[in-house]
2 protein chains.
Amino acid sequence: MRDKAVTREKIMRAAETVFAAKGYHETLMEEIGQTSRTSKGAIYFHFPSKEQLFFALMDRLAQALRREVERELTRRQGALDKVQGALEAVFKSLGRHRRLAKILLLQGYGLGPAFEAKRLEIYQQFASLIQQHLTEAVREGSIPALDAEVTAYAWLGAINELIVRWLLTGAPDPWERALPALSRLFLRSIGAPAPSER
Amino acid sequence: MRDKAVTREKIMRAAETVFAAKGYHETLMEEIGQTSRTSKGAIYFHFPSKEQLFFALMDRLAQALRREVERELTRRQGALDKVQGALEAVFKSLGRHRRLAKILLLQGYGLGPAFEAKRLEIYQQFASLIQQHLTEAVREGSIPALDAEVTAYAWLGAINELIVRWLLTGAPDPWERALPALSRLFLRSIGAPAPSER
DNA sequence: TCTTACAAACCGACCGGTCGGTTTGTAGTT
DNA sequence: AACTACAAACCGACCGGTCGGTTTGTAAGA
């Protein structure tokens, strides 16, 4: 018996590559089959539909990213430091995995209700994470009171836009140039004491 | 002879409605024909392809929005006030025209290179507008020096995310609740003196 | 009569999904 | 060990609906 998990993994990796390169609609199941060196039949054995394959991919990627962020959160001390650490984790992780970033940030917008729902679900997870730590920072007295929900989504949107632009145009080059500016922008935006330049 | 311009306008209005409601791929040319009470033939008489029709729409909408923003800019005095006025203009305008917002903000993401290029082009126009006034504000001495490019795109992204979320989920309800929070967030983010609550 | 501005029937490439068949591993039997 | 019986995993030719685009027809104005 061939190993089910191995084939499934091959398919998901191939799907990641192809979806990231071509976008959802331009991607053919046939091509994922070829790229994974399996077949269309194998894909439909493991996944009920193209859409479900795509969602499975989004879930996995979001989970991986969240894990990296959470790991960073436990490392840092103090709410403000955590906020900054989480941001850096997101940037660095997405910077390293451009395919991942393209799928998470770029797809799932204009592709219909099901995709939009999925994207909202995932973004909400990250927004909660941010909100939680913002509220904590307020309680700590590190920053003045604010609307944590609006702030969280504003930050997510800012990150999204900058990374998407970087993915598509390459600017700014090198990417890291933007990080300190954005970091200061964010911390200022919540009335935090300006961090020392790194 | 029927009036060419009138038919063209009918088509664009119908396209606006249908694209906003269904997204690019789910929209059928046939349906735009019916909605506009013309026909598919008429559409292809006026536009060379579905894609070009969509782009024409994006251009027109972006232009209209830019005009509203610029009008507001000339009304206000002082760089900071202009920044705030422009933001409000964008919110209010997009809030009033949800279909417009859906097309400009939601479509053009995962739809392939041509769409991405178009979106980048339009966003760049707005980013320039913001950058220009930020730089002016710095020169005026109203705010400390900053990376105007990063700031501009961060703001655009934040606006985008919040409006998209509002369009898709209805939260926050009413929408205006978010405006003062976001306005303060933005002004703080550039080190501007906190504005008096409006 | 000639052109313009459409209307409507039509075409055919494309592609997600299906399904009959094949391969490969496994468990039971002798 | 060898053979049988079976099932899980996989392959890929094929189908059928869909939809962007084209062609052909036609009414009306110049």
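Below, chain A is the first sequence line, B the second, and so on; all start at residue 1. Note that these values count all heavy atoms, side chains included, but never hydrogens, waters or copies made by symmetry.
Nucleic acid contact for A:T27: sugar-phosphate only, since backbone atoms but no base atoms lie under 4.0 Å from a heavy atom of the residue.
If you take NZ of B:K10 and P of C:dA7, they are 7 Å apart, rounded to a whole angstrom. If you take OH of A:Y44 and P of C:dG20, they are 18 Å apart, rounded to a whole angstrom. Residue A:F45 contributes atom CZ, which lies 13 Å from atom C1' of C:dT23 at whole-angstrom precision. Following rounding to the nearest Å, B:F54 (CZ) and D:dG21 (C1') show an atom-to-atom distance of 19 Å. At whole-Å resolution of the value, CZ in A:R8 and P in D:dA9 are 12 Å apart. For the pair A:E9 CD and D:dC10 C1', the computed distance is 18 Å after rounding to whole Å. Taking atom CZ of residue A:F47 and atom C1' of nucleotide D:dA9, one finds them 14 Å apart after rounding to whole Å. Put simply, NE2 on B:H46 is 17 Å from C1' on D:dT22, counting in whole angstrom units.
Atom CZ of B:R37 sits in a sparse spot, with 12 or fewer heavy atoms from other residues, nucleotides or ligands closer than 6.0 Å.
Remark: B:E31 does not engage B:K50 in a salt bridge, criterion side-chain N to carboxylate O under 4.0 Å.
Residues that satisfy the side-chain contact (heavy atoms from CB on, under 4.5 Å) test with A:E140, not counting sequence neighbours, are A:A79, A:E136, A:S142.
The side chain of B:K4 lies closest to C:dC6, out of C:dA7, C:dC15, C:dC6. The nucleotide whose nearest atom lies closest to any side-chain atom of B:L28 is, among D:dC19, D:dC11, C:dC6, D:dC19.
In the interface, the side chain of B:K40 is paired with the base of D:dG21 through a donor and an acceptor atom under 3.5 Å apart.
Listed pair B:S49 / D:dG20 fails the phosphate criterion, with no side-chain N or O lying under 4.0 Å from OP1 or OP2.
No hydrogens or angles considered: nothing links the side chains of A:S183 and A:E88 as a donor-acceptor pair under 3.5 Å.
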